[in-house]
Amino acid sequence: MFNKILVANRGEIALRILRTCKEMGIKTVAVYSTADKDSLHVRFADEAVCIGPAASADSYLKIPNILAAAEITNADAIHPGYGFLSENAKFSKICQEHNIKFIGATPEQIEGMGDKATAKATMIKAGVPCVPGSEGIITDVKKALKAAKEIGYPVMLKATAGGGGKGMRVVWKEEDFEEALTKAQKEAGAAFGNEGMYMEKFIEEPRHIEIQIAGDQYGTVCHLSERDCSIQRRHQKLVEETPSPFMNKTLRKKMGAAAIKAAKAVNYEGVGTVEFLVDKHKNFYFMEMNTRIQVEHTITEEVIDYDLIKEQILIAAGEKISGINYEPIRHAIQCRINAEDPWNDWRPSPGRITEYHEPGGIGVRLDTHVYAGYTIPPYYDSMVSKLICVAKTREEAIKKMERALDEYIVEGVKTTIPFHQKLMKNEDFKKGEFTTKFLEQWDFKA
Ligand code: MV4
């Protein structure tokens, strides 16, 4: 087992990782930017090293600084959390070369999944269902036009270097195809330094359902709970829940098996997530694979009594996993509480939290790094906490969430709490009837 883990992250996830390390008897090192010197992850770590000024590029993304912090503190592993360096192949490789265990995917896996056309080709070869489309990168406009006609409009152009909603464009009719392709290639070139585009049939109003998987160093892979993340705004998830209200036993079995196939195709080791688009007929298609712990891992933990960070650490240290697939017996919902004003176009609202009271009680979990008097810096993402409610049924979980949101007091900054309060009362949400289009279609200010 590791002696000391350096946590290369900030905010709630840094604290979340430190907590598990402490319970496992592993020593911890926090890193922080000057803007985060008063953050709880700094206070609760055994050691803390300042790695630079506020800007992420000069601190949390600065590989030499993080590596230096690991070397001077003698850390034998690095946990990257989510975002920042968590899916950086170069960082994973440099850790390897320095004999520091990167608690995440190998450089090869990160690169293989990071290039979306390559990832898709790998999945097709492995027999994972994918959206019908071009075979790899579009190189010939005439051939692409012919393929688009065969697939049928609308089609979607996707940048191979994109992902997470970046570098996508829908083409509704043949006349628009060439111009859209040229523009999309230029945009992708400017944004990612890679013009490569591929094409897919455009799936209208899909659900976003992802499957948590875990794989060990000996080839055992299992699927844990699925998560419905369809409630999003501009590719930022706002609410996640498990099980998905759209799921049934047969579909879970099929999607679980597909997710395991996907992981095995890349010899996946660690915890990861396979994202699928699901259409109204319950057809599902591979979208992306995330080789990191995700923000919404919490709801899976709550329904299966499982510490996913502990599992990551155990797998990285060479332990075997049980390989048992998941069957739901509980329901968990997570609301992301951001320092944003939902009534004012979701404008960020950093600043000092003047008054603070956390909800509690049975089935309520709050993951956060903030406290009364804490100042939310303007340099990073605006998530301040994750409120998770778990109960036997979906109805009870929603009721519990309403109750917990009512108890939650955050003064001094605007938050998304009132938005979530309204959502929990929405009839379509309560019925479980929503797609990724839900937020665009719902006039929540009315
Ligand atoms: C799609 C799609 C429709 N058809 N692909 C968005 C994130 C990126 N991973 C892929 N995305 C989409 N790919 C085809 N062929 C619609 C989306 C999409 C979406 C997907 C999941 C959650 C929210 C979304 C919002 C807009 C578009």
Side-chain angles (χ1 to χ4, degrees), residues 82-83 87 112-124 128-138 144 147-148 150-173 177 180-181 184 187-188 191-192 196-211 226-242 244-247 255 258-259 262 272-292 294-296 334 336 346 429 434-442:
Y82 53 69
E87 287 172 298
M113 287 299 127
D115 185 272
K116 304 302 167 192
T118 306
K120 191 174 173 183
T122 307
M123 293 310 155
I124 291 170
V128 180
C130 292
V131 187
S134 60
E135 275 170 44
I137 303 292
I138 298 170
E150 278 165 20
I151 298 162
Y153 286 87
V155 297
M156 193 174 218
L157 296 169
K158 291 185 171 181
T160 191
K166 287 193 280 275
M168 307 187 314
R169 190 183 273 255
V170 183
V171 187
W172 293 92
K173 48 189 200 297
F177 188 88
L181 178 63
E187 279 166 17
F192 316 115
M197 301 292 302
Y198 63 103
M199 173 177 56
E200 285 182 348
K201 170 96 191 145
F202 178 58
I203 310 294
E204 291 178 61
E205 306 204 13
R207 286 206 179 225
H208 171 133
I209 301 179
E210 57 186 35
I211 313 272
E226 82 271 5
R227 294 184 290 255
D228 195 317
C229 308
S230 300
I231 308 283
Q232 320 197 343
R233 182 186 166 269
R234 298 193 185 164
H235 306 292
Q236 292 296 316
K237 294 165 187 163
L238 287 166
V239 177
E240 301 100 342
E241 64 175 301
T242 182
S244 165
F246 198 61
M247 192 56 81
M255 288 182 70
T273 302
V274 186
E275 294 183 351
F276 293 97
L277 285 175
V278 185
D279 72 15
K280 56 176 180 284
H281 309 294
K282 294 196 157 70
N283 296 310
F284 63 90
Y285 309 96
F286 171 83
M287 190 163 45
E288 283 176 28
M289 181 164 175
N290 300 316
T291 57
R292 60 167 190 277
Q294 285 182 281
V295 177
E296 61 271 26
Q334 169 169 285
R336 295 193 191 190
W346 306 81
F429 179 76
F434 51 81
T435 71
T436 51
K437 280 268 180 222
F438 179 85
L439 268 191
E440 268 174 57
Q441 292 162 347
W442 178 38

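Both counts, for ligands and for their atoms, begin at 1 and track the order of listing. Numbers for residues simply follow the sequence, beginning at 1. Note that the structure is predicted; figures quoted are calculated from it, not measured. For the numbers below, each heavy atom of this structure counts, side chains included, while hydrogens, waters and symmetry mates do not.
- Residue pairs meeting the salt bridge (charged side-chain N to carboxylate O under 4.0 Å, His left out) criterion with at least one member in residues 274-285, sequence neighbours excluded, do not occur.
- Applying the salt bridge (charged side-chain N to carboxylate O under 4.0 Å, His left out) definition to pairs two or more places apart or across chains, those involving residues 155-169 are K158-E200, R169-E187.
- Considering all non-hydrogen atoms of both residues, T291 and E87 come closest at N-OE2, 2.9 Å.
- Remark: F177 engages no residue in a ring-ring contact (aromatic ring centres under 6.0 Å, His included) (not counting sequence neighbours).
- For the residue pair P245 and F434, the shortest heavy atom distance occurs at CG-CZ, 4.0 Å.
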Go through the steps for T273 and N290 under the test side-chain hydrogen bond (donor to acceptor under 3.5 Å, both in side chains), then give the verdict.
CA-CA 5 Å; T273 302; N290 300 316; 5.1 Å; no
Tabulate distances under 3.5 Å between N/O atoms of ligand 1 and N/O atoms of the protein, writing both atom names on each line.
{"unit_1": "ligand 1", "atom_1": "4 (N)", "unit_2": "I203", "atom_2": "N", "d": "2.9"}
{"unit_1": "ligand 1", "atom_1": "5 (N)", "unit_2": "K158", "atom_2": "NZ", "d": "2.9"}
{"unit_1": "ligand 1", "atom_1": "9 (N)", "unit_2": "E288", "atom_2": "OE2", "d": "2.7"}
{"unit_1": "ligand 1", "atom_1": "13 (N)", "unit_2": "K158", "atom_2": "NZ", "d": "3.1"}
{"unit_1": "ligand 1", "atom_1": "15 (N)", "unit_2": "E200", "atom_2": "OE1", "d": "2.8"}
{"unit_1": "ligand 1", "atom_1": "15 (N)", "unit_2": "K201", "atom_2": "O", "d": "2.8"}

